[in-house]
Each structure stands twice: as C-alpha cells, then as structure tokens.
**Q** 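Attaching a single structure in structure tokens format; questions to follow.
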Amino acid sequence: MTATSVSASAKIILCGEHAVVYGQPAIAVPLSDLRTRVQIAPGSEGLTVNLTDTDEVLPDIRADHPVSQMIRLLLDTCGTPEPAATLTVRSDIPVARGMGSGAALSTAIGHALLTLVDCQMSRHKLNEMVYNIEKIYHGTPSGIDNTTIVYEQPVYFVRHQPVETFTMSGTLSLLIADTGMPSLTKAAVGDVRKLYDRDPTRIQPVLEQIGEITQQIRHAMSAGEAHRTGNLMTRNHELLRELTVSSDKLDHLVKVALAAGAKGAKLSGGGRGGNMIALVDESTQMKVERALLAAGAVRVYHTQVSG
Ligand code: PMV
C-alpha cells in the first residue's frame, strides 16, 4: 500500500442544543471545509500515531489515550492484528469550540484504520464506536456530534432514535464567530440538569419550545425559507438564555450580528463560550463579519451549508 490520506469534517449545531439531551430534536450540519486529515504511511513494525497539532506521539496502541482506545476498539471489532504503519494527524478544527474536534479525530482515525486493514464497516457501526470514544471526552454526550461527522450530512437528531439525514432546499450562508473562550459543554450541561431538577415545571416548557422551533427550522430549511429560519434561530437563542447557557459575550455578538443585518443569530453548542452563528446572505455577509470582529470575535468562519 502506498501513502494515502483520509479525513473527517467539523460540525456545527444549528438548533436544539441542550434540549436534545432531554429527548427534543436538534439539527447539526457538517462543515466540509474544516477537516481533520490522517496521512497513512505503511511501515515495517507496529503502529505509530503523530498528533502534530498537540506535538504528541503515541508510540503504541496500549496507551490510555482516546485515539489509542479508538484504534483498539476498531481492531478488535475487525478481528485484525495491529498493522505496521505511521499515521500523521493534522487538523484545521479548533479544539473546544463546539465544532466536534474530538469526534472528527476519532472518525478520521477510524477511516484510516479501516483503509489500512481493509475492513468493511457500516456507518452505523462506526458511529457507535465514535460515540463510545466521545463518552471519554464528554461524559454523557447526546451523540449529535459523532452522527453528523460520521454521516457528513445535515442531521435531524433525536436521542435513541434512528439517524435521520434530510435534504434542504437552497443554501444557507453561515458565519461562525469564535468568542475566544472555550465552550464549557460539560459544565453547562450539568448546570441545565441542576436547573431542571430544581424547577422542572418551568424548564420543561422551555425545552419543549426549543424542540418545536427545531421542527419548524427543519421545515423552513426544506422549503428554502431563509428568513423564517433566521427568525427561528434568534428565538432559539432567547430560550437558551433562559437555560443560562449564554454569556455576555455571546449575547453581545448575537445583538451585533442582528443589528448589522443578519437574518438570525444564536449561540451554538454547549455555550458559555465557544461559537455563535449568524445567518447571512451575499449582501450582508461582509458587514456582519466586520461587525462581529469589531465586537470582539477572535475569528469568523464563513461557510455554505447545503444538502
Ligand atoms: O458544544 P458542542 O457543539 O459539542 O455541543 C453540545 C451540545 C449539547 O446539546 C449541549 C450537549 C450534547 O451532548 O448534545
């Protein structure tokens, strides 16, 4: 086998985060231009993994590292011994920004191993494995990250239900603005749980409204109704504020994006830090991007979502 390369994309949650943990639907989309790539070079002895972004080298697969665990899980399932090769991993996906860097790493490693040992595996099975590794990173994740990344398609996700990918009409033009602060998903999920346990009669309707909005966004996306999608996204942000997972900076960036002409804006993912997203079009993209940078976003990505 000659040197070859495989990859997996980033993802972003469009709507439904946090409520998804309580059985409500959420929608996430792949970000195909932000990727984790694995270069596979056949070797003569054992498997070495170079994680270039963190300068780590995993000289053997017995280490207690999520990458090693993914490799072992996959080799056990395929019933194959450790292959002789060097895997070199490079990623464009920022870590701890709600873009699924962990799931992308596990998925890309999975693709690399399947290529190396020539094992056939369904996406369903690969998704299950990546989910098991996600649990090491995130405790009890809903599974939306790994599902969107393994299938690399827009996903309408309901916990414990079969994966539903869907088609949308037209293209959504999204700006993703990085607050510069890590997204504290685990802490935020824990705080929502405490809030829920303290006052379920107040919080349950908020979660249900988020679920309702997510269903409406799915219809609006399928019908190509960008304005409606935008309005619903902004309403979703207000409900996430009620769940206490926003922050002053996220609220400020949302306000600034709307004032500069975005059709809708909200935080995305775990919240508290991480990213916010703004729905724009050709005529507003530059203005909203400049406004977000001037308001303190450390980076703004532009991406087109279709599918
Ligand atoms: O921060 P992210 O993009 O990994 O998303 C977390 C989404 C939550 O709904 C808050 C948690 C989950 O596991 O779905």
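A quick note: this is a predicted structure, and the numbers were derived from the prediction, not measured. Worth knowing before you read on, the calculation uses all heavy atoms, side chains too, and leaves out hydrogens, waters and symmetry mates. In listed order, ligands and their atoms are each counted from 1.
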**Q** Using 0.5 Å steps for rounding, measure from the CG atom of Leu116 to the NE2 atom of His111.
**A**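 With rounding to 0.5 Å, CG (Leu116) is 13.5 Å from NE2 (His111).
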**Q** Suppose we measure from atom 7 (C) of ligand 1 to each protein heavy atom; which comes out shortest, and what is that distance?
**A** Ile13 CD1, 3.6 Å
**Q** Tell me, which protein residue and heavy-atom name are nearest atom 3 (O) of ligand 1, and how many Å apart are they?
**A**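 Protein heavy atom with the smallest distance to atom 3 (O) of ligand 1: Lys11 NZ, 2.8 Å.
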**Q** How long is the span from the CG atom in Leu279 to the CG atom in Leu258, to the nearest 0.5 Å?
**A** 10.5 Å
**Q** Give the numbers and elements of all ligand 1 atoms closer than 4.0 Å to a heavy atom of Val20.
**A**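 So the answer, numbered in order with elements, is 9 (O), 14 (O).
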**Q** Taking only heavy atoms of Gly98 into account, list the atoms of ligand 1 that are under 4.0 Å away from them.
**A**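 Numbered from 1, ligand 1 contributes 1 (O), 2 (P), 3 (O).
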**Q** Is it true that a side-chain atom of Arg193 and a backbone atom of Ala188 form a donor plus acceptor pair closer than 3.5 Å?
**A**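 It does not hold such a pair.
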**Q** Any chance you could measure Lys125, atom NZ, to Gln120, atom CD, to the nearest 0.5 Å?
**A** 15.0 Å
**Q** Counting non-hydrogen protein atoms only, what is the nearest one to atom 4 (O) of ligand 1? Give residue, atom name and distance.
**A**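 The protein heavy atom lying closest is Asp145 OD2, 3.4 Å.
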**Q** Regarding ligand 1, does Pro141 bring an N or O atom to under 3.5 Å of one of the ligand's N or O atoms?
**A**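 It does not: no N or O of Pro141 is found under 3.5 Å from an N or O of ligand 1.
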**Q** For atom 11 (C) of ligand 1, tell me which residue out of Thr148, Val189, Val245 has the closest non-hydrogen atom.
**A**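 Closest candidate by heavy-atom distance is Val189.
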**Q** To the nearest 0.1 Å, how far is atom 12 (C) of ligand 1 from its closest protein heavy atom, and which atom is that?
**A**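 It is Ser142 OG, 3.3 Å.
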**Q** Could you tell me whether Glu152 and Arg35 make a salt bridge, using a distance below 4.0 angstrom between a side-chain N and a carboxylate O?
**A**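 Between Arg35 and Glu152 there is a salt bridge, with a charged N closer than 4.0 Å to a carboxylate O.
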**Q** Is it true that Lys194 and Asp197 have a side-chain N and a carboxylate O under 4.0 angstrom from each other?
**A**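 So Lys194 does not pair with Asp197 through a salt bridge.
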**Q** Could you label the plane-to-plane angle of the Phe166 and Tyr156 rings as parallel, tilted or perpendicular, counting under 30° as parallel and over 60° as perpendicular?
**A** perpendicular
**Q** Answer with yes or no whether Met99 contacts ligand 1, where contact means a heavy atom under 4.0 Å from a ligand atom.
**A** no
**Q** Around atom 8 (C) of ligand 1, find the nearest protein heavy atom and jot down its residue, atom name and distance.
**A**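 Closest protein heavy atom to atom 8 (C) of ligand 1: His18 N, 3.9 Å.
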**Q** Which ligand 1 atoms does Glu17 reach within 4.0 Å, using its non-hydrogen atoms?
**A**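 Checking each atom against Glu17, I get 9 (O).
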**Q** Any donor and acceptor pair, going by atom type alone, linking the side chain of Ser173 with main-chain N or O of Asp281 inside 3.5 Å?
**A** no
**Q** Check each atom of ligand 1 against the heavy atoms of Gly269 and keep those under 4.0 Å away; list them by number with element.
**A** 1 (O), 2 (P), 3 (O), 5 (O)
